[in-house]
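In the text below, chain A, chain B and the rest are named by the order of the sequence lines, each starting its count at 1. The analysis underlying the following values was restricted to heavy atoms, covering all of them including side chains, and did not include hydrogens, waters or symmetry mates.
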Amino acid sequence: MEFVVRDFDLRHTLECGQAFRWQRQPDGAYRGVIGRHVVRAAQRNSTLSLDGAPAGTLRDYFQFDANLAAIIATFPADEHMRRAVAWCHGMRLLRQDPWETLASFICSATKQIVQIRQMVANLCRAFGEPVPPGGKSEIRNSKSETEFAFPVVVAVARATEAQLRACKLGFRAKNLLAAARMIDAGEVRLGAVGAMDYPRAAEELMRLPGVGPKIADCALLFGWGRQEAFPLDVWIERALRRLYFRGKRRVTRRRLVEFHRGYFGPHAGYAQQYLFHYVRNNPQELETAGGLSARRPGVWRNSV
DNA sequence: GCCCAGGCCATTT
DNA sequence: AAATGGCATGGG
């Protein structure tokens, strides 16, 4: 089916590192899995063609109802954010399955995005349910491979560490297995996280092995839609230091957390993803860009 | 061979 | 509170 979209860029949205299950086809369309649906997605100007899943599922996943302009209007209007917003024009945060998001990011520690995608694909093939082919093009294309849903919690909980290591998870295998077992046993209830305030939600997720502040924030941002979560990874840490604290010494991690909480506003996580995608694809910005002084209090200091 | 990758954790200052 | 090293695996 077709959707008329404004301020929407499918490529940025699917390739910015928030989701790991989309593959770009030679014709520029994308093939991926949402829940138990194989989905084909393609954009031509303001027309988005999506096939394979019910409209409601797609609407929720792609967050069509989110007002992107209103969100971007809350970003600090400094030079770096303006460039990031311009370069990532139309990029949107998705609303993904919480468990899939959490598990995927448990696998993400010190791995490049291409490798995370590979690990997730391995997990789906080994422990996920096969899903029927999706839209019309899937039925026509008999050569397309079988797709698999992301494995349910209990499927991972019943695996062995050796099986997970066979999916190339490395030292992350032990963490994912223990996390799945805690969730399966009801020791940590993912269903209860959405009702918690942000600090408590993060604290709850961090009870799981392999989940620290960064991975908890990724899961909360991409899986629970909590836009106050601000994943502070190596790229963002570099970006904050070089763009907002240029030339300053002894900028502690604590200081960076304090800064971003006061500076980026109520949709800080959204802003973070724009900055992340921008600097990762324009690394020269981190070398030559002039820094901004972070001495002035951020616009949002009063709101946090 | 080197270094680094959307980190976390235990240990040491 | 901040630094350090270990943890698997693959890419440049």
Subject >> Expected output: side-chain A:Q43 to main-chain A:L10 donor-acceptor under 3.5 Å >> reply: yes
Original post:
If the P atom of B:dC4 is compared with that of C:dG5, how far apart are they to the nearest Å?
Top reply: 14 Å
Subject >> DNA chain C: 5'-most and 3'-most nucleotides touching chain A, 4.0 angstrom heavy-atom criterion >> reply: C:dA2 to C:dG11
Subject >> Residues that A:Y270 engages under ring pair (Phe, Tyr, Trp, His ring centres under 6.0 Å), provided they are two or more places apart >> reply: none
**OP:** Would you mind classifying the nucleic acid contact of A:F20 as base, sugar-phosphate or nothing, using non-hydrogen atoms under 4.0 angstrom?
**Re:** nothing
Original post:
Given the side-chain rings of A:Y278 and A:H80, with only the six-membered ring counted for Trp, is the space between their centroids under 6.0 Å?
Top reply: no
Subject >> Any donor-acceptor pair under 3.5 Å from A:E129 side chain to A:P151 backbone >> reply: no
Subject >> A:F105 ring center near A:F222 ring center (under 6.0 Å) >> reply: yes
**OP:** Let me have DNA chain C in dot-bracket notation, would you? Count Watson-Crick plus G-U wobble pairs, both distances under 3.5 Å, and use [ ] for pairs crossing earlier ones and | for inter-strand partners.
**Re:** |||||||.||||
Original post:
Do NZ/NE/NH1/NH2 and the carboxylate oxygens of A:E258 and A:R254 come within less than 4.0 Å?
Top reply: no
Subject >> Sugar-phosphate, base or nothing in reach of A:E237, heavy atoms under 4.0 Å >> reply: nothing
**OP:** Please measure how far the P atom in B:dG6 lies from the corresponding atom in C:dG12, and state the result in whole Å.
**Re:** 12 Å
Subject >> Face-on cation placement of A:R226 at A:W224 ring, 6.0 Å and 45° thresholds >> reply: no
Original post:
Which residues in residues 109-120 of chain A have at least one heavy atom lying under 4.0 Å from any atom of DNA chain C?
Top reply: A:T110, A:K111, A:Q112, A:Q115
**OP:** Go through the side-chain N and O atoms of A:T110 and A:R172 and say whether any donor and acceptor fall under 3.5 Å apart.
**Re:** yes
Original post:
Mind checking which nucleotides bracket the chain A contacts on DNA chain B, 5' to 3', with an atom under 4.0 Å from a heavy atom?
Top reply: B:dA5 to B:dC9
**OP:** Give one of base, sugar-phosphate or nothing for A:R238, where a contact means two heavy atoms less than 4.0 Å apart.
**Re:** sugar-phosphate
Subject >> Near-strand residues of residues 275-282 of chain A, defined as heavy-atom separation under 4.0 angstrom from DNA chain B >> reply: A:F276, A:R280
Subject >> Contacting residues from residues 156-176 of chain A, given that a heavy atom lies under 4.0 angstrom of DNA chain C >> reply: A:R165, A:K168, A:G170, A:F171, A:R172
Original post:
Using the benzene-type ring in the case of Trp, are the ring centres of A:Y244 and A:Y263 under 6.0 Å apart?
Top reply: yes
Original post:
Shared ILVMFWY cluster between A:L169 and A:F148, side chains joined below 4.5 angstrom?
Top reply: no
What side-chain donor-acceptor pairs closer than 3.5 Å can you find for residues 192-200 of chain A, not counting sequence neighbours?
unit_1 : atom_1 : unit_2 : atom_2 : d
A:D197 : OD1    : A:R200 : N      : 3.1
A:Y198 : OH     : A:D217 : OD1    : 2.6
A:Y198 : OH     : A:D217 : OD2    : 3.4

Original post:
Between A:F245 and A:F259, is the ring centre distance below 6.0 Å?
Top reply: yes
Original post:
Just checking A:G210: base, sugar-phosphate only, or nothing, at a heavy-atom cut-off of under 4.0 Å?
Top reply: sugar-phosphate
**OP:** Output all residues satisfying side chain to side chain donor-acceptor pair (under 3.5 Å) with A:R24, sequence neighbours left out; order by chain, then residue number.
**Re:** A:Y30
Original post:
Closest nucleotide of DNA chain B for A:I236 versus for A:L208: which of these residues is on the 5' side?
Top reply: A:I236
Subject >> Under the side chain to side chain donor-acceptor pair (under 3.5 Å) test, residues paired with A:R241 that sit two or more places apart >> reply: A:E237
Subject >> Sidechain N-carboxylate O distance under 4.0 Å for A:E187, A:R181 >> reply: no
Subject >> Other cluster members, A:V152 - Ile/Leu/Val/Met/Phe/Trp/Tyr, side-chain contacts below 4.5 Å >> reply: A:V154
Subject >> Contacts of type side chain to side chain donor-acceptor pair (under 3.5 Å), residue A:N281, not counting sequence neighbours >> reply: A:H277
Original post:
So does A:R40 pair up with A:D27, basic N to acidic O under 4.0 Å?
Top reply: yes
